[in-house]
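Here is the naming used below: chain letters follow the sequence lines, and residue numbers restart at 1 for every chain. Computed from heavy atoms alone, side chains included, the values below leave out hydrogens, waters and symmetry copies. Keep in mind that this is a model prediction, so the values were computed, not measured.
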4 protein chains.
Amino acid sequence: MVNRMTHPSAPRGRPRDSRAHQAILTAAAELVAELGYAAASIGAVAARAGVGKDTVYRRWPGKAELVYEAVFTRTEAAPAPDTGSLTGDLTALLESLVQEFAAPAATAALPGLLADFAADPDLRARIRSEFLAPAKDGLVAVFERAVRRGEADPGLPVDLVLDTLAGAVFFHVGLVGERPGPQLAAQLAAIVGRGIETR
Amino acid sequence: MVNRMTHPSAPRGRPRDSRAHQAILTAAAELVAELGYAAASIGAVAARAGVGKDTVYRRWPGKAELVYEAVFTRTEAAPAPDTGSLTGDLTALLESLVQEFAAPAATAALPGLLADFAADPDLRARIRSEFLAPAKDGLVAVFERAVRRGEADPGLPVDLVLDTLAGAVFFHVGLVGERPGPQLAAQLAAIVGRGIETR
Amino acid sequence: MVNRMTHPSAPRGRPRDSRAHQAILTAAAELVAELGYAAASIGAVAARAGVGKDTVYRRWPGKAELVYEAVFTRTEAAPAPDTGSLTGDLTALLESLVQEFAAPAATAALPGLLADFAADPDLRARIRSEFLAPAKDGLVAVFERAVRRGEADPGLPVDLVLDTLAGAVFFHVGLVGERPGPQLAAQLAAIVGRGIETR
Amino acid sequence: MVNRMTHPSAPRGRPRDSRAHQAILTAAAELVAELGYAAASIGAVAARAGVGKDTVYRRWPGKAELVYEAVFTRTEAAPAPDTGSLTGDLTALLESLVQEFAAPAATAALPGLLADFAADPDLRARIRSEFLAPAKDGLVAVFERAVRRGEADPGLPVDLVLDTLAGAVFFHVGLVGERPGPQLAAQLAAIVGRGIETR
DNA sequence: GGCTAATCGAGACGGTACGTCAAGTCTTCCA
DNA sequence: TGGAAGACTTGACGTACCGTCTCGATTAGCC
């Protein structure tokens, strides 16, 4: 009975081939890294994956969703380490953000990907709720610890700070193409950390 | 002789029609605002402007340059007002930045435009040197005044702060589609201003 | 023992469902009548019959064979009545031919069906041996009676006359879409009958 | 002034390239002859002609119209010779019909072409008015001469006779694939000629 | 006033990608 | 083993833009 509730429709017919799924994601990440987002066509992804176009369209509605999954959902969310200070926590958080955005496939994909997300109302709503969700969770945890330590006031505009961090990294790394130095995260964390701490 | 040197080739043949130039820019801004950047094709711009496609391609190499000029170079650079304090100056600077990015045509154009700029090496180099140049001039002036006042140290990473401000506004307004409240510029200025001021 | 010889492999496993067989034929005839031959896909036939595609392909090699069986092998061959004269016999034979070709499903199916038969070498060979076989049997009987009566000479080119009759009806009814008047069979029989009779 | 009347709309824009036109027709005829009607795709025709697909679709709405023009409108209509007798005239007319239908490209194209014409209401109407028009003109001329000679009665069902002749040749040559012997036209002319002549 | 030359609107050109559809095969679970 | 369901590869469909080109017709500066 419980199974019936949780699996209301038994999966009928031939199940989807998980090797095809994986091959498509790999091919998409490769092609985006090689050719850039705009030049990586769905047809080319399918061809490299050894798969028909329908097999791609059956799983993803368009290039944006496919590339998003291929490039950005493979790394696990960092556990938001507790370094003992607001600036230290922000540095750690920014370091993982920089690392994620600076990966070759990510740099190649980000601008076009964000443009496609912004152009579609459905996708646009998912930027905050999906794309930035892991970072937001981390940021909220960092804030809570800072408030407990007395370093920060409650009521901080979390979304605004998140957009600032993400926007800064995107512009600096993803858009202008600056290779991120090892001190980038610390610099940003210093500015924003001091900007939001109490006093 | 001097004229000959500076204008080595006298303009022969029929001169370009400035009304066509203007009609194209207007049509481009309208179409981007109505359909979005991706759906606004050069053919459609030419048709609405009552102009042949070649007349567009003769003046701009592609959609990115055309839309950039149509949407972003019509407002004059603000004169960077001196409000007497770093935070006040930053607020003023951010207010004009927010105003520029929040215009309907700009919101519609920005993500796709930045994606096209980022995808092309030549255009990518122009993001800082052209797109962000006016804002950078303003920011440099603000910094110099703050240093003179003793509010800030020389040697601030201007480019990084600039990317932070622009990135924050782009993510918050241009990408996520948040309607900017009247306090947005002040909030951001407070965070970044306090983050970079001396001590 | 004899049964075992004639059926050397006893049918093992689940026997084929004859209701599925019938449902497929009915669905095929309906869809061809509704949408035309080209637009009636095997997938749609299977879906309407409540059947998997494999169940169709297990019984028929392709759309042509399926539709042929669905549309043309349901009416029993007429017994070739003896009216006492060559023209009368031809009229009767043509009337059943016209009736068969003028049925809605037949009109819809014929051109595409013949095209598919003609395109495939195996099927092309079956046009005479199957498609036209009943009519040919009838025509041969009619000729034999006419020869016995002295109305016709032996050695008539049966195949050519058959192609003429079938081609005339196909062009007039199946292709041009002319609704066949009640005198059509008689008119054709008069022309061809007088054309082949002795003297 | 008169020119203005006869050419009310001056041809603007780049004129169509007649070499492309010709290359497409040649490629279409070749591919149909090589692969058959169904397997000759418009994309393949365009590729062989060294032309974009749009250049094909700009001139013809679909494969049927293109192939019809490529295969059947290249031979000039025969002048309907006056042999002095109804049967002789019919033989001449049928000889050119057989010759036209028996050409390799025509045999390959005919069944599929007629199916596509029959499937589309607009095209179906054009079978008589275009496809059969030259033959009909010839047949009418033959009939008029026969009536003047007293060999035939006025009021003959021209369309029915035409469908009979065309249908016979199509079935015998185009569909069944019979190689037409030299006596085919004479045999058919004998049957139909005697069938319709007075007395 | 003719000559030269670039620009104008229009639209055809060769390409490339799109997203959909059908064909015929294969793979799962269920009877 | 049969059957229903549906995923699979392949390949054609017809459309839309891309950026370039080719027309005839303007519209200037130059001799």
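One interatomic measurement links the two molecules: CG of Leu66(B) to C1' of dC18(F), which rounds to 15 Å at whole-angstrom precision. In this entry the distance linking CZ of Arg59(D) with C1' of dG14(F) reads 17 Å, nearest Å. Spacing between atom CG of Asp17(D) and atom P of dG15(E) amounts to 13 Å, rounded to whole angstrom units. For the pair Arg12(A) CZ and dA5(F) P, the interatomic distance rounds to 5 Å; values are reported in whole Å. Atom OH in Tyr37(C) sits roughly 15 Å away from atom P in dA22(E) (whole-Å rounding). Atom CD1 of Ile24(C) and atom P of dG2(F) are 14 Å apart (whole Å).
Sorted by first and then second residue, the pairs that involve residues 36-53 of chain C and meet salt bridge (Lys or Arg N to Asp or Glu O under 4.0 Å), not counting sequence neighbours, are Glu30(C)-Arg48(C), Glu34(C)-Arg48(C). For residues 29-59 of chain B, no pair satisfies ring pair (Phe, Tyr, Trp, His ring centres under 6.0 Å), with sequence neighbours left out.
Heavy atoms only, all atoms of each residue included: Leu25(B) and Ala70(B) are closest at O-CB, 3.5 Å.
Applying the side chain to side chain donor-acceptor pair (under 3.5 Å) criterion to Arg126(B), with sequence neighbours excluded, gives Glu130(B). Partners of Arg19(B) by side chain to side chain donor-acceptor pair (under 3.5 Å), not counting sequence neighbours, listed by chain and number: Asp17(B). For Phe117(A), the ring pair (Phe, Tyr, Trp, His ring centres under 6.0 Å) criterion is met by Tyr68(A), not counting sequence neighbours. Remark: Ala106(A) engages Val71(A), Phe72(A), Ala103(A) in a side-chain contact (heavy atoms from CB on, under 4.5 Å) (not counting sequence neighbours). The side-chain contact (heavy atoms from CB on, under 4.5 Å) check on Ala108(D) picks up Val32(D), with sequence neighbours excluded. Applying the side chain to side chain donor-acceptor pair (under 3.5 Å) rule to Arg59(A) yields the partners His21(A); only residues at least two apart in sequence or on another chain are considered. Every residue two or more places apart in sequence or in another chain was checked for a side-chain contact (heavy atoms from CB on, under 4.5 Å) with Ala38(D), and none qualifies.
Across residues 44-58 of chain C, Lys53(C), Asp54(C), Tyr57(C) each have a non-hydrogen atom less than 4.0 Å from an atom of DNA chain E (numbered order). Less than 4.0 Å separates DNA chain F from no heavy atom of any residue of residues 115-124 of chain B.
Counting only distance, with no hydrogens or angles, the side chain of Thr55(A) and the backbone of Val51(A) share no donor-acceptor pair below 3.5 Å.
Each of Arg16(B) and Ala40(C) lies near DNA chain E, and the nucleotide nearest Arg16(B) is the one positioned closer to the 5' end. Nearest-nucleotide assignment on DNA chain E puts the 5′-proximal partner with Ile42(A), out of Ile42(A) and Lys63(C). Between Ala39(B) and Gly62(D), the one whose closest nucleotide on DNA chain F sits nearer the 5' end is Gly62(D).
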N/O contacts under 3.5 Å, protein versus nucleotides 25-27 of chain F?
residue: dT26(F); atom: O2; partner: Arg14(B); partner atom: NH1; Å: 2.9

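Counting non-hydrogen atoms under 4.0 angstrom, Arg19(C) reaches nothing in the nucleic acid.
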